[in-house]
Amino acid sequence: MAEHLIPIEEARENLLACAAFLAEDIKSSDGHAEAMKTIVPYYLAKSDVDLAAEFADTVDDPFVRDKLLTLVAEKCAATGDDEYAFQLVEAIEDTSSQRTARERIALQKSTRGEFEKALEIAQTLDHADDAFADIAAHQVASGDEASALQTIEKIDFPNAKVNALLAIASLNLQKGETQKAFEFLEKAFDAANEIEFNEEKIRAFLDIARMFAQAKRNDKTIETLDKARASAETIEGIHRDSFFTEIALEFLRAGTIDLADRTLDLVADKTQIASCLTGFSQQFFVKGEREEALETLEEAYAILKSQRDAETRDSRARFSLFSTIAVQFANFEKAERAIEIAQNINNENEQTSALAQIAQVCTLQGKDEFARQAVQAIEDDAQKMFALIAVSDAKNRAGKREEALDILREAAALAETVPQLASRSLAFNDLAKRFREYNETEKAREILYENLETIAQIRDESSRAVTLAQLAEIYDQANFALTDSEKQTLLTMIRRAEW
């Protein structure tokens, strides 16, 4: 028997320990790394940094190993064990990953309010701007605005300076100090003008404009959006239209439909035009302009549908937008139209997603017949099951507990139809969590036991270890102890792995 970090006696009594034990025996380097990517964070959640570090160090893939050691170092910094954190940083092989780990440690010190330590670490970094921005935000949150301003002065790149100033402005808005927030937004606006790369500049202006809107400064919102549009007009490439779409929508939110329409006229790609009109329709609906909202949404759908394959830049974005439009019709209480559009989406994943969301919306609206119609339109039984779980959640949110439970039982009956055992395990976890929330403890335990038996049948070693670790989290959350039968199942899995 190979030497293990987890004693076999512990693996026989504990789900997470068994998952780790099984993962240690995985022969495939990729499979072992994949399992440890799931298992190490679970041990960190339990604050077992020593074992997490040892598991990370067993990974052959240098990229995954360094990433896991970074997570452990970050956890050590979060709990105050800085010495061990930096020991782990030294164990990281890739210099770029080492820099990332040091930055993460600095951010943890900032979060803990240990600003002197955070600044000391940040000053050792080649690119410390993001760390300085984070420190400044936490300094303001702690009430030390003067120190925050001094920290911001250390930031070299305008983009990072904008982010820091926006974070501080946001904190002031949350405290109701609108004038202070406005002052920081003005500083952010000035810093954004200094950004060299136009795409970064546009994103900064958009973020600033949205926050000016939160501060109820419509004049500054429009001025900032004008700057964003002027910058967008100077760029070429795939991002140009998406920027115009965002800017047009923000103009509409700011109450200037003329500028919104003029900006939309600059968009060439039909998917982006339809996306913008979909956003417009939502805004009209929020303002109570129902007919305008529906007309605009129909226009968006017609434009998107008219787009030929040769004109399509991004098929995934186009199919996703079809799904968004279908769901928006449901939100506008046009369930029949919503289902019709969803069923015509020529992409199975997006069609299923749209139908599942429509079912939830209709359930919350009390339109059970349409909700059932949307669920039944989903061809794959496994996806239908997940849709039923979502509908059950919607019923529960509507205060209809017994109906929610009935639908959940219906979903549980479909769980056996999920062909992939790893996916079936995830489904069992979802079902068990919900039955437990309904105080149906016996049913939850029954499903969890069935899940454990399902996991034992998974052939792929990595998937078996991962799903077992995921199951362990459910048992911990529910505070369930293993039965003798469950312990026997663990022992069976261990013996198979050791053969």
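Counting from 1, the numbers follow the sequence of the chain as shown.
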Inset, instruction - Step by step, work out the side chain to side chain contact (heavy atoms under 4.5 Å, CB included) result for Leu264 and Phe244. - result: CA-CA 7 Å; Leu264 178 57; Phe244 283 139; over 6 Å; no

Legend entry - Other residues, nucleotides, ligands: >12 heavy atoms within 6.0 Å of Glu311 CD: yes

Legend entry - NZ (Lys367) with more than 12 external heavy atoms under 6.0 Å: yes

Inset, instruction - Answer yes or no: are there more than 12 heavy-atom neighbours, outside Lys67 itself, under 6.0 Å from its atom NZ? - result: no

Legend entry - Separation of Arg318 CZ from Asp269 CG (nearest 0.5 Å): 10.0 Å

Inset, instruction - Would you indicate whether the side-chain heavy atoms of Glu333 and Arg290 approach each other to under 4.5 Å? - result: yes

Inset, instruction - Supply the atom-to-atom distance Leu185 CG to Leu166 CG, rounded to the nearest 0.5 angstrom. - result: 6.5 Å

Inset, instruction - Quick one: closest heavy-atom pair of Ala444 and Arg436, and the distance? - result: CB-N, 4.0 Å

Inset, instruction - Give a yes or no on whether a salt bridge exists between Asp393 and Arg434, defined as a side-chain N under 4.0 angstrom from a carboxylate O. - result: yes

Inset, instruction - Go through the steps for Glu34 and Lys37 under the test salt bridge (charged side-chain N to carboxylate O under 4.0 Å, His left out), then give the verdict. - result: CA-CA 5 Å; Glu34 197 62 35; Lys37 279 162 63 177; 3.4 Å; yes

Legend entry - Exam field: side chain Glu292 to backbone Glu289, donor-acceptor pair closer than 3.5 Å: no

Legend entry - Heavy-atom side-chain proximity of Leu88 to Ile92 below 4.5 angstrom: no

Legend entry - ring pair (Phe, Tyr, Trp, His ring centres under 6.0 Å) between Phe205 and Phe189, worked out: CA-CA 7 Å; Phe205 279 136; Phe189 182 86; 5.6 Å; yes

Legend entry - Gap between atom CZ of Arg104 and atom CZ of Arg99 - 0.5 Å precision: 14.0 Å

Legend entry - Glu410 and Arg372 ion-paired at < 4.0 Å: yes

Legend entry - Side-chain H-bond candidate by donor/acceptor type, Gln328 with Thr278, under 3.5 Å: no

Inset, instruction - Mark yes or no for whether Arg253, through its side chain, and Gln283, through its backbone, hold a donor-acceptor pair below 3.5 Å. - result: no

Inset, instruction - Determine, for Tyr438 and Arg401, whether the Lys NZ or Arg CZ falls below 6.0 Å from the six-membered ring centre while staying within 45 degrees of the axis. - result: no

Inset, instruction - Decide yes or no on salt bridge (charged side-chain N to carboxylate O under 4.0 Å, His left out) for Glu183 and Lys180, but give the supporting numbers first. - result: CA-CA 5 Å; Glu183 291 169 8; Lys180 268 193 174 183; over 6 Å; no

Legend entry - Euclidean distance, Thr178 OG1 relative to Gln214 CD, rounded to 0.5 Å: 10.5 Å

Inset, instruction - Using modelled atom types only, decide if a donor and an acceptor are shared between the side chain of Glu299 and the backbone of Ala274 within a distance under 3.5 Å. - result: no

Inset, instruction - Check Gln108 against Ala78 and note the closest heavy-atom contact, atom names and distance. - result: OE1-CB, 3.2 Å

Inset, instruction - For the residue pair Arg102 and Leu125, establish whether any side-chain heavy-atom pair is separated by less than 4.5 Å. - result: yes

Inset, instruction - Decide if atom CD of Gln123 counts as having more than 12 heavy atoms of other residues, nucleotides or ligands within a radius under 6.0 Å. - result: yes

Inset, instruction - Please name all residues satisfying ring-ring contact (aromatic ring centres under 6.0 Å, His included) with Phe157, sequence neighbours left out, ordered by chain then number. - result: none

Inset, instruction - Dump the intermediate steps for salt bridge (charged side-chain N to carboxylate O under 4.0 Å, His left out) on Asp129 and Lys161, then the final yes or no. - result: CA-CA 8 Å; Asp129 285 350; Lys161 188 170 289 189; over 6 Å; no

Legend entry - Verdict with supporting geometry, Phe243 and Ile235, side chain to side chain contact (heavy atoms under 4.5 Å, CB included): CA-CA 10 Å; Phe243 281 134; Ile235 67 171; 3.6 Å; yes

Inset, instruction - Report yes if some heavy atom in the side chain of Ile257 is under 4.5 Å from a heavy atom in the side chain of Phe284; otherwise report no. - result: yes

Inset, instruction - Could you check if a side-chain atom of Thr467 sits within less than 4.5 angstrom of a side-chain atom of Leu471, using non-hydrogen atoms only? - result: no

Legend entry - Donor-acceptor under 3.5 Å (Thr256 side chain, Leu252 main chain): no

Inset, instruction - Look at atom NZ of Lys216 and say whether more than 12 heavy atoms of other residues, nucleotides or ligands are closer to it than 6.0 Å. - result: no

Inset, instruction - Evaluate the side-chain proximity of Gln98 to Leu69: yes if any heavy-atom separation is below 4.5 Å, no if none is. - result: no

Inset, instruction - Determine whether the side chains of Thr124 and Glu120 contain a donor N or O and an acceptor N or O closer than 3.5 Å. - result: no

Inset, instruction - Could you pull out the closest heavy-atom pair between Ala268 and Arg313, with the gap in Å? - result: CB-NH2, 4.5 Å

Inset, instruction - Show your working on side chain to side chain contact (heavy atoms under 4.5 Å, CB included) between Arg409 and Glu440 and close with a plain yes or no. - result: CA-CA 11 Å; Arg409 293 188 185 101; Glu440 296 278 330; 4.0 Å; yes

Inset, instruction - Answer yes when Lys187 and Asp190 have at least one side-chain N-carboxylate O distance shorter than 4.0 Å, and no when they do not. - result: no

Legend entry - Cation-aromatic face contact Arg337/Phe329, 6.0 Å, 45 degrees: yes

Inset, instruction - Specify the closest pair of heavy atoms between Tyr42 and Glu473, including all atoms of both residues, with the distance to one decimal. - result: OH-OE1, 3.3 Å

Inset, instruction - Calculate, to the nearest 0.5 Å, the distance between atoms CG and CD belonging to Asp144 and Gln139 respectively. - result: 6.0 Å

Legend entry - Asp226 vs Phe251 side-chain heavy atoms within contact, under 4.5 Å: yes

Inset, instruction - Measure the shortest side-chain to side-chain distance between Glu194 and Lys201 over non-hydrogen atoms and say whether it is less than 4.5 angstrom. - result: no

Inset, instruction - Go through the steps for Lys305 and Glu298 under the test salt bridge (charged side-chain N to carboxylate O under 4.0 Å, His left out), then give the verdict. - result: CA-CA 10 Å; Lys305 198 174 179 183; Glu298 285 287 4; over 6 Å; no

Inset, instruction - Examine distances only and state if a side-chain atom of Asn218 and a backbone atom of Ala254 form a donor-acceptor pair shorter than 3.5 Å. - result: yes

Legend entry - Over all atoms of both residues, closest heavy-atom pair of Ala137 and Ala167: CB-CB, 3.9 Å

Inset, instruction - Decide whether Gln383 and Thr352 meet the rule of one side-chain donor and one side-chain acceptor closer than 3.5 Å. - result: no

Legend entry - Salt-bridge contact Glu223-Lys220 (side-chain N to carboxylate O under 4.0 Å): yes

Inset, instruction - Quick one: closest heavy-atom pair of Thr245 and Ser275, and the distance? - result: CG2-OG, 4.2 Å

Legend entry - Spacing of CD belonging to Glu103 relative to CG belonging to Asp134, to within rounding of 0.5 Å: 9.0 Å

Legend entry - Side-chain donor-acceptor contact under 3.5 Å, Gln470 with Ser425: no

Legend entry - Under 3.5 Å donor-acceptor, Ser323 side chain and Phe319 backbone: no

Legend entry - Flag, side chain of Ser320 to backbone of Arg316, donor-acceptor distance under 3.5 Å: no

Inset, instruction - For the pair Asp265 and Arg262, find out whether any cationic side-chain nitrogen is under 4.0 Å from an anionic carboxylate oxygen. - result: no

